[in-house]
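Below, read A as the first sequence line, B as the second, and so on, with proteins coming before strands; counting in each chain starts at 1. Bear in mind the structure is a predicted one, so any value in this text is a computation, not a measurement.
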Amino acid sequence: MSEERYNFRTVEEKWQSEWEKEKAFKTDEKSDKPKYYALEMFPYPSGKIHMGHVRNYAMGDVVARFKRMQGFNVLHPMGWDAFGLPAENAAIKHGVHPAKWTKENIAAMRKQMKKMGLSIDWDREVATCDADYYKHEQRVFLDMLKRGLAYRKDSWVNWDPVEQTVLANEQVVDGKGWRSGAPVEKRKLSQWSLKITDYADELLNELDNLDGWPEKVKLMQKNWIGKSTGAYLYFPIVGKNETLEVFTTRPDTLFGASFCAISAQHPIALELAKTNPDLAKFIKECEALGTSAASVETAEKKGFDTGLKVEHPFAEEFKKLGGNPELPLYVANFVLMEYGTGAIFACPAHDQRDLDFARKYGLPVRVVVAHKDEGEPVVTDTAFADIEDGVAVNSAFLNGLPTKQAIPAMIKKLEEIGRGKATTQFRLRDWGVSRQRYWGCPIPVVHCEHCGIVPVPEKDLPVLLPEDVVFDGNGNPLEKHPTWKHTVCPVCGKPALRETDTFDTFFESSWYFARYCSPTLADKPFDKDIADRFLPVDQYVGGIEHACMHLLYARFFTKVLRDCGYLNVGEPFKGLFTQGMVCHETYKDADGNWLFPGEVDKKPDGTAVKVSDGSPVTVGRSEKMSKSKYNLIDPEDILKNYGADAARLFVLSDTPPDRDFEWTTAGIDGAWRYVNRLWRLAQTCPAETKKPETLTKEADKLVRLTHKTIAAVTENLEKLQFNVALAKLRELTNAVADMKTDDDAGKYAYRFAFESLTRMLAPVAPHACEEIWHEVFGQKDLIALAAWPAADKAFLVDDAVTIAVQVQGKLRGTLEYAKDGDEEALKQLAMQIPAVKAQIGDKPVRKIIVVKNRLVNIVV
RNA sequence: GCGGAUAUGGUGGAAUGGUAGACACAACAGACUUAAAAUCUGUUGAGGCUUGUCCUCGUGCGGGUUCGAGUCCCGCUAUCCGCACCA
């Protein structure tokens with residue numbers, strides 16, 4: 001206590017080992033306290049934690065510690081999303097085995113995370129690449145197979161013809177393989193899919209019950225599921241005994257049809273390409289875009305006229321309206337095979353994409369929807385796609401019908417003549433879980449020539465990954481393994497082949513939150529009773545980038561687990577919070593090369609120079625920290641030089657947690673100074689003083705402020721408004737520092753306020769607060785397990801309030817007035833303010849609006 | 001392209017439709033010091049003059065609703081996130 005400077009290194013180390021020794025954060029499954037499950041999205045073990053992790057885990061840890069102090073039995077676990085591509089890339093590049101690479105990365109990251117002082121029950125740690133973990137999901141997969149939820153389906157993949165390997169979307173750069181540089185091809189593979197679409201309605205409907213989720217995420221999931229009602233339409237192909245089936249949400253625009261278009265992967269296109277080399281070439285061109293929807297839809301719209309014609313379902317009427325009932329059929333690069341039927345009919349006047357395409361290829365544009373008030377639109381470069389205020393025109397039997405009635409009217413007519421039928425379509429597609437990769441969970445089935453696909457019997461689980469594999473960047477290492485895939489059929493006993501695909505890593509992350517409930521249970525994924533007690537997760541914290549895929553897959557998986565009898569809950573995450581990214585300024589030297597922050601010396605005027613030679617540096621805007629832009633700050637350095645408390649304080653201060661956060665040196669310096677200031681205030685904290693009969697005015701003010709701060713901070717933390725909570729705590733800190741301690745009232749108030757402050761800061765800066773708790777307040781037990789302070793309501797309201805006085809809604813003065821005081825007298829007082837009088841002048845007062853205890857507004 | 005979000009001083013941001021700028025950073029001035037660091041005190045949205053308990057303007061841009069709009073509504077612009085094999 002004699003040290004002037006706070007030594008965070010010894011203090012942080014001391015309490016971290018103390019917490020570990022005491023098993024302070026171990027979750028007692030038998031506790032009768034109410035449970036609280038706090039969870040952050042588990043990390044991929046890349047080898048080092050980054051600032052995004054620091055921000056994420058700081059938030060989750062504050063929630064966990066806050067709830068623990070509020071008396072909850074908190075479950076706060078951590079683990080590793082340990083399968084995935086980077087380990088395999090490292091194996092190809094550096095020759096290190098994925099298992100070894102992953103294990104070492106986990107050890108390094110665990111060490112860093114422990115230095116953050118997170119209140120985690122490390123006894124529950126899981127790594128998804130352990131057979132003890134993945135064997136359970138093999139069993140769940142067999143359940144899915146039994147229930148018909150897992151099935152084989154042809155899917156398109158990016159194929160690198162040089163590496164003979166399937167590429168991930170991120171491995172396709174400008175239509176070429178990132179290592180080989182060869183133009184990618186699309187290949188159709190028979191792969192495992194899960195019927196998430198069976199659950200589409202439930203996934204959609206239950207969003208309404210997820211009150212603890214941000215509206216934006218629920219909206220994104222709703223749009224991702226994309227339930228839309230519309231119709232299938234049938235267009236006979238002229239001169240052939242075939243019919244083109246299309247899906248549309250706007251059958252009411254059928255009389256505006258201009259052409260039909262099919263995807264480059266549509267069976268008709270593939271068939272025609274066999275005898276048409278130009279079309280084959282065009283399809284190749286489309287394939288070079290890869291399989292990602294974004295690249296397909298942002299590419300310049302291109303088409304290829306197949307020469308085929310399709311017949312309009314209402315050929316007679318269409319002819320009478322001046323249309324040519326034989327519509328050209330194009331292959332178009334923007335039509336997705338995965339959605340609907342892979343074929344569309346195009347109405348350029350009322351769909352922007354169709355219009356762009358029609359203009360390019362000189363196809364007709366027929367207006368068939370008018371605005372109900374403004375009449376027929378003039379379509380030049382902008383399609384009129386409004387459905388709220390549209391009315392059908394130039395459309396035979398639909399004329400005059402508002403769009404919303406025209407749609408069902410058209411469907412009814414189509415059904416009558418057998419040229420279409422109503423349907424509900426989901427944008428959501430079944431979840432393709434097959435990956436042609438080594439570093440993943442083996443899919444537990446056997447392909448037998450005689451018996452077909454045979455599940456591996458439960459007694460033979462787990463199907464283990466072989467360790468002796470070769471990584472040369474060519475093909476799937478599992479497929480190429482000399483012996484591994486050769487086995488015998490569990491049914492007939494004849495030689496058979498193992499499935500060499502592994503699971504998508506989203507499979508592991510879809511149920512890890514349940515595994516934490518029973519992390520070491522050998523014969524089952526988790527104990528049903530314990531899972532039912534601790535699930536759903538009360539507060540889940542992670543990045544917004546997972547809004548659709550991970551969060552939807554986890555919801556789906558939970559429902560499947562429920563239906564297979566593993567647990568009773570149907571939704572995994574009761575509360576969800578999505579934090580923003582961590583950003584930093586970017587720097588480039590005169591030659592345009594990126595520079596690390598450490599290579600740059602910033603001047604007070606905002607300009608910057610290179611440390612090495614003083615040459616000028618261009619300061620770019622703040623962007624998401626990334627390796628490619630060199631704008632990284634290593635948490636390791638920060639923890640070493642400033643300590644965990646300062647780092648945690650900084651990432652939670654100033655910026656709302658859901659927004660992007662800008663890392664600055666000034667900011668971390670400021671947080672570090674605050675920890676030191678707290679320490680100095682601790683040094684001057686008076687010894688325990690009996691509460692005097694009456695408090696001085698100043699002491700009373702501080703006590704009141706303390707209670708108000710407790711109330712505000714409690715509310716802010718419940719809402720995860722860490723930045724606002726910390727601002728309030730700063731205010732209280734300033735008030736404590738201003739408190740004179742030359743009388744007993746002052747001594748009492750100081751100590752009371754400072755003790756409350758210490759408790760409230762404990763979740764954010766746990767080490768410093770623990771030290772103060774023991775050294776200044778002489779406590780024997782941990783502050784981590786102490787009680788959260790309670791605000792006394794009697795101190796929350798003041799006798800006098802400040803009333804704003806406005807004229808015409810503009811502030812002209814303020815008044816101190818008794819709380820809930822007489823309104824008539826208040827009005828008179830307000831009128832007496834000179835500035836108010838001056839504003840009113842000789843204008844008559846029309847009315848006076850009084851908002852109780854807040855303001856008076858005089859309208860003249 | 002489609003879907004989702006964001007925009008307030010020099011900077012990060014605060015603000016149940018009711019006193020815009022809390023809290024912090026930076027900057028400037030002062031105290032302490034041989035000096036620096038640290039610390040403490042003060043000033044700090046812009047403009048104006050009559051320097052006041054003053055006036056005008058001000059929350060990305062253009063409109064609207066209201067006694068009153070950063071907040072609600074309509075239309076833009078810019079930036080960010082996701083788009084199904086990165087996790």
**Asked** B:rA22 C1' sits how many Å from A:Leu729 CG, rounded?
**Response** 14 Å
**Request:** Rounded off to whole Å, could you give me the CD-to-P distance for the A:Glu338 and B:rC2 pair?
**Result:** 19 Å
**Message:** Can you tell me the base-pairing partner of B:rU53? Count Watson-Crick or G-U wobble geometry only, both distances below 3.5 Å, and say none if there is no partner.
**Reply:** none
**Message:** Work out how far the C1' atom of B:rG18 is from that of B:rC23, and round it to whole angstrom.
**Reply:** 22 Å
**Message:** Less than 4.5 Å apart, side chain to side chain, heavy atoms only: is that true for A:Ile848 and A:Glu823?
**Reply:** no
**Prompt:** Taking only residues two or more places apart in sequence, or in another chain, which ones meet A:Ser180 in a side-chain hydrogen bond (donor to acceptor under 3.5 Å, both in side chains)?
**Reply:** A:Asp160
**Prompt:** Checking all strands, does A:Thr664 fall into the base, sugar-phosphate, or nothing category for heavy-atom contacts under 4.0 angstrom?
**Reply:** nothing
**Request:** To the nearest Å, give me how far apart CH2 (A:Trp672) and P (B:rC25) are.
**Result:** 14 Å
**Message:** Any non-hydrogen side-chain atom of A:Phe426 less than 4.5 Å from a side-chain atom of A:Leu203?
**Reply:** no
**Asked** If we take the C1' atom in both B:rG9 and B:rG45, what is their distance in whole Å?
**Response** 4 Å
**Request:** Mind checking ring-ring contact (aromatic ring centres under 6.0 Å, His included) for A:Trp192 and listing every partner two or more places apart, or none if nothing turns up?
**Result:** A:Phe141
**Request:** Provide the Watson-Crick or G-U wobble partner of B:rC40, both distances under 3.5 Å; none if there is no partner.
**Result:** B:rG30
**Message:** For the C1' atoms, the ones on B:rU71 and on B:rU66, what distance do you get once it is rounded to whole angstrom?
**Reply:** 13 Å
**Complete:** Sorted by chain and residue number, the side-chain hydrogen bond (donor to acceptor under 3.5 Å, both in side chains) partners of A:Asp356 (sequence neighbours excluded) come out as A:Gln352
**Message:** Show every salt bridge (charged side-chain N to carboxylate O under 4.0 Å, His left out) that has at least one partner inside residues 851-860 of chain A, sequence neighbours left out.
**Reply:** A:Asp820-A:Lys852
**Request:** Tell me what A:Thr655 touches on the nucleic acid: a base, only sugar-phosphate, or nothing, going by heavy atoms under 4.0 Å.
**Result:** sugar-phosphate
**Asked** Watson-Crick or G-U wobble partner for B:rG18, using a 3.5 Å limit on both distances?
**Response** B:rC67
**Item:** Base-pairing mate for B:rA78 - Watson-Crick or G-U, with both contacts under 3.5 Å
**Value:** B:rU6
**Item:** Pairs touching residues 651-671 of chain A that satisfy salt bridge (charged side-chain N to carboxylate O under 4.0 Å, His left out), sequence neighbours left out
**Value:** none
Under 3.5 Å, which N/O atoms of the protein pair with N/O atoms of nucleotides 38-46 of chain B?
from: B:rU39; atom 1: O3'; to: A:Arg680; atom 2: NH2; distance (Å): 3.4

**Fill in**
Rounded to whole Å, CG of A:Leu811 lies from P of B:rU53 at a distance of 15 Å
**Prompt:** Side chains of A:Leu552 and A:Leu428: closer than 4.5 Å at any heavy-atom pair?
**Reply:** yes
**Request:** Give the rounded distance in Å between these two atoms: CG of A:Leu219 and P of B:rG3.
**Result:** 10 Å
**Assigned partner base of B:rG12, Watson-Crick or wobble definition, under 3.5 Å** = B:rC23
**Results of side-chain hydrogen bond (donor to acceptor under 3.5 Å, both in side chains) for A:Glu40 - residues two or more places apart only** = A:His76
I'd like a table of atom pairs between the protein and nucleotides 6-9 of chain B - only N or O on both sides, under 3.5 Å - with the distance next to each one.
from: B:rA7; atom 1: OP1; to: A:Arg659; atom 2: NH2; distance (Å): 3.1

**Asked** Can you tell me how far C1' in B:rA69 sits from the matching atom in B:rA29, rounded to whole Å?
**Response** 38 Å
**Asked** Tell me the side-chain hydrogen bond (donor to acceptor under 3.5 Å, both in side chains) pairs involving residues 726-737 of chain A, sequence neighbours left out?
**Response** A:Tyr674-A:Thr733, A:Arg677-A:Asn734
**Prompt:** Distance between the P atoms of B:rU59 and B:rG21, in whole angstroms?
**Reply:** 14 Å
**Request:** Map A:Glu215 and A:Gly667 onto RNA chain B by nearest heavy atom, then report which one ends up closer to the 5' terminus.
**Result:** A:Glu215
**Item:** A:Glu585: partners by side-chain hydrogen bond (donor to acceptor under 3.5 Å, both in side chains), with sequence neighbours left out
**Value:** A:Tyr587, A:Lys602
**Asked** Base, backbone or nothing for each nucleotide of nucleotides 56-87 of chain B, written B, S, -, heavy atoms under 4.0 angstrom, 5' to 3'?
**Response** SS---------B-----------SSSSBBBSB
**Request:** Return the nucleotide paired to B:rG1: Watson-Crick means purine N1 to pyrimidine N3 with N6-O4 or O6-N4, wobble means G-U with N1-O2 and O6-N3, both under 3.5 Å.
**Result:** B:rC83
**Rounded P spacing from B:rG70 to B:rC61 in Å** = 12 Å
**Prompt:** Who passes ring-ring contact (aromatic ring centres under 6.0 Å, His included) against A:Phe556, sequence neighbours left out?
**Reply:** A:Tyr199
**Asked** Which of these nucleotides, B:rG18, B:rU19, B:rC23, is closest to any side-chain atom of A:Val851?
**Response** B:rG18
**Whole angstrom value for the distance that separates P of B:rG10 from CG of A:Asp654** = 18 Å
**Asked** If you measure only the distance, is there a donor-acceptor pair under 3.5 Å linking the side chains of A:Gln436 and A:Gln191?
**Response** yes
**Prompt:** Under 4.0 Å between a side-chain N/O of A:Asn734 and OP1 or OP2 of B:rA24, yes or no?
**Reply:** yes
**Prompt:** In whole angstroms, how far is the P atom of B:rG3 from the CG atom of A:Leu336?
**Reply:** 14 Å
